[in-house]
Amino acid sequence: MSPAGEGEAGALKNAVKPVSNAIRILRFLSQNGGPARATQISKTLSINASTCFNILRTLVFEGVVDFDAIAKTYSLGLGILSLADSSLTEGQRVAAVKPILHDLAERYGVTATLWRRLSTERIVLVGVEYTASDIRVHMLPGTQLPLLMGASGRLFAHHTSMSKSEVRAAFKTLRWKQPLTFDSYWQQIEVAAKRGWSMDDGYFAHGVTSVAVPILASNGSMAFALSAVMFRHQYDDAAISKLADEMVRLAPTLSKILC
């Protein structure tokens, strides 16, 4: 056997089995496509049930695995991302939040979109996930829009350093699908600032309503916006508020991954 072969054999012989099993569990959770129960993990990986449970409990304690006490399932936690935080590209970060966007789209029957500020004047669509419904609002990644357009625009207007007069000047360049005065637009900005989310009800596109929440960086600046796009009158006011509250709850988690 070659020296290299001897080294590999020695490494395998000296491997610490609990550590190896922990890595196998993490790999399984990353590839499974969704949460899994301890019994499923144990059976799939041929790990003793008691040992598997103890490893999972330790991984939960260390923050690299999340446990859903209601569903009794395990999934990768945010801690696993922080281990490689400095080497993650923006594309990898966006990919990491896709399951969150997909879950939102499925549970509420909307198109979940993620917008990033591209410049002082533009935003770009960097992530989109759809409901399984055959009838849905379709949007293309890479789409660019004026910074102040749509539901997210009300939020960017609030979170930038633009004065009211500067917002007014930018507003004059926007083209809406139904009439919208600057006074109404500014009032919507103020409402969004108070409640933490904004809405565009058919102004950006005929027959379409969108709800957006800000995703803030650690310095308080708004780097991204999470938006739920749906058909007008798909939900009443109470249901839209419930959706918005859920999005507000998700925003800090997205911020930890993206910013």
Side-chain angles (χ1 to χ4, degrees), residues 94 97-117 123-131 136-137 139 143 145-162 164 167 170-171 174 176-178 180-205 207-259:
V94 171
V97 304
K98 286 177 74 67
I100 300 175
L101 269 62
H102 183 75
D103 179 66
L104 182 71
E106 282 285 13
R107 287 192 292 115
Y108 288 92
V110 298
T111 297
T113 60
L114 182 67
W115 296 87
R116 178 173 67 82
R117 184 174 180 176
I123 58 174
V124 59
L125 181 61
V126 295
V128 58
E129 290 293 320
Y130 298 102
T131 172
R136 58 196 183 188
V137 180
M139 304 187 74
T143 297
L145 293 175
L147 180 70
L148 302 185
M149 182 63 80
S152 63
R154 276 82 163 173
L155 299 172
F156 278 112
H158 170 65
H159 285 279
T160 62
S161 58
M162 296 173 67
K164 186 174 181 178
V167 174
F171 177 85
L174 304 178
W176 304 94
K177 294 301 183 182
Q178 61 172 308
L180 178 64
T181 66
F182 177 74
D183 287 342
S184 295
Y185 179 78
W186 187 257
Q187 183 179 35
Q188 291 169 16
I189 292 173
E190 293 179 324
V191 170
K194 291 179 180 179
R195 66 187 179 188
W197 58 274
S198 63
M199 183 173 72
D200 182 290
D201 192 18
Y203 295 105
F204 168 66
V208 174
T209 294
S210 59
V211 175
V213 299
I215 299 174
L216 306 179
S218 57
N219 62 3
S221 64
M222 182 177 169
F224 295 85
L226 170 64
S227 181
V229 186
M230 68 206 83
F231 296 107
R232 288 193 77 192
H233 310 304
Q234 180 175 334
Y235 289 121
D236 59 20
D237 291 344
I240 287 178
S241 292
K242 180 180 178 181
L243 167 62
D245 289 342
E246 172 71 4
M247 293 168 65
V248 169
R249 186 185 68 80
L250 291 174
T253 298
L254 295 176
S255 176
K256 290 179 182 178
I257 300 173
L258 293 166
C259 303

Can you check side chain to side chain contact (heavy atoms under 4.5 Å, CB included) on I100 and I257, steps first, answer last? CA-CA 11 Å; I100 300 175; I257 300 173; 4.1 Å; yes

Measure the shortest side-chain to side-chain distance between Y185 and Y203 over non-hydrogen atoms and say whether it is less than 4.5 angstrom. no

Would you indicate whether D237, at its atom CG, is surrounded by more than 12 heavy atoms from other residues, nucleotides or ligands within a distance under 6.0 Å? no

Atom CG of L258 and atom CG of L216: how far apart are they, to the nearest 0.5 Å? 11.5 Å

Decide yes or no for F224 and L254: does some side-chain heavy atom of the first lie under 4.5 Å from some side-chain heavy atom of the second? no

Under the salt bridge (Lys or Arg N to Asp or Glu O under 4.0 Å) rule, what pairs show up with a residue in residues 97-109, not counting sequence neighbours? K98-E129, D103-R107, R107-E246

Under a 4.5 Å cut-off applied to non-hydrogen side-chain atoms, are L226 and V97 in contact? no

Within the 4.5 Å heavy-atom criterion, are D200 and W176 side-chain neighbours or not? yes

Sequence neighbours left out, what passes side-chain contact (heavy atoms from CB on, under 4.5 Å) with V124? Give chain and number order. R116, L118, V126, Q144

Provide the closest heavy-atom pair for G109 versus Y235 in the form atom of the first, atom of the second, distance. N-OH, 4.1 Å

Is the closest side-chain heavy-atom distance between I215 and L114 below 4.5 Å? yes

Using a 4.5 Å cut-off on heavy atoms from C-beta on, say whether the side chain of K164 contacts that of F182. yes

Spacing of CZ belonging to R117 relative to CG belonging to L155, to within rounding of 0.5 Å: 12.5 Å

By side chain to side chain donor-acceptor pair (under 3.5 Å), which residues pair with W115, not counting sequence neighbours? T113

For G202 against K177, the heavy-atom pair lying closest together: O-CB, 4.1 Å

For A217, give me all partners under side-chain contact (heavy atoms from CB on, under 4.5 Å), at least two apart in sequence or on another chain. N219, S221, C259

Within the structure provided, determine whether M199 and V191 are in side-chain contact (heavy-atom separation under 4.5 Å). no

Atom CZ in F171, atom CE in M149: separation rounded to 0.5 Å? 9.0 Å

Nearest heavy-atom neighbours spanning R232 and D201: NE-OD1, 3.0 Å

Interatomic spacing from OG1 in T111 to CG in L104 - rounded to 0.5 Å: 10.5 Å

Point-to-point distance, once rounded to the nearest 0.5 Å, from CD1 of I240 to OG1 of T209: 5.5 Å

Which pair of heavy atoms, one from V110 and one from A228, lies closest together, and at what distance? CG2-CB, 3.9 Å

Might you confirm whether atom CD of Q187 has over 12 heavy atoms from other residues, nucleotides or ligands at distances under 6.0 Å? no

Which pair of non-hydrogen atoms, one from P146 and one from I123, has the smallest distance, and what is that distance? O-CG1, 4.1 Å

Distance, nearest 0.5 Å, that separates OG of S227 from CE of M139: 7.0 Å

Which heavy atom of P214 sits nearest a heavy atom of M222, and at what distance? CB-SD, 3.8 Å

Would the distance check show the side chain of T160 and the main-chain N or O of F156 forming a donor-acceptor pair, the cut-off being under 3.5 Å? yes

What residues, two or more places apart in sequence or in another chain, satisfy side-chain contact (heavy atoms from CB on, under 4.5 Å) together with P99? none

Close side-chain approach of T143 to V128, heavy-atom, < 4.5 Å: no

By side-chain contact (heavy atoms from CB on, under 4.5 Å), which residues pair with A170, not counting sequence neighbours? L148, M162

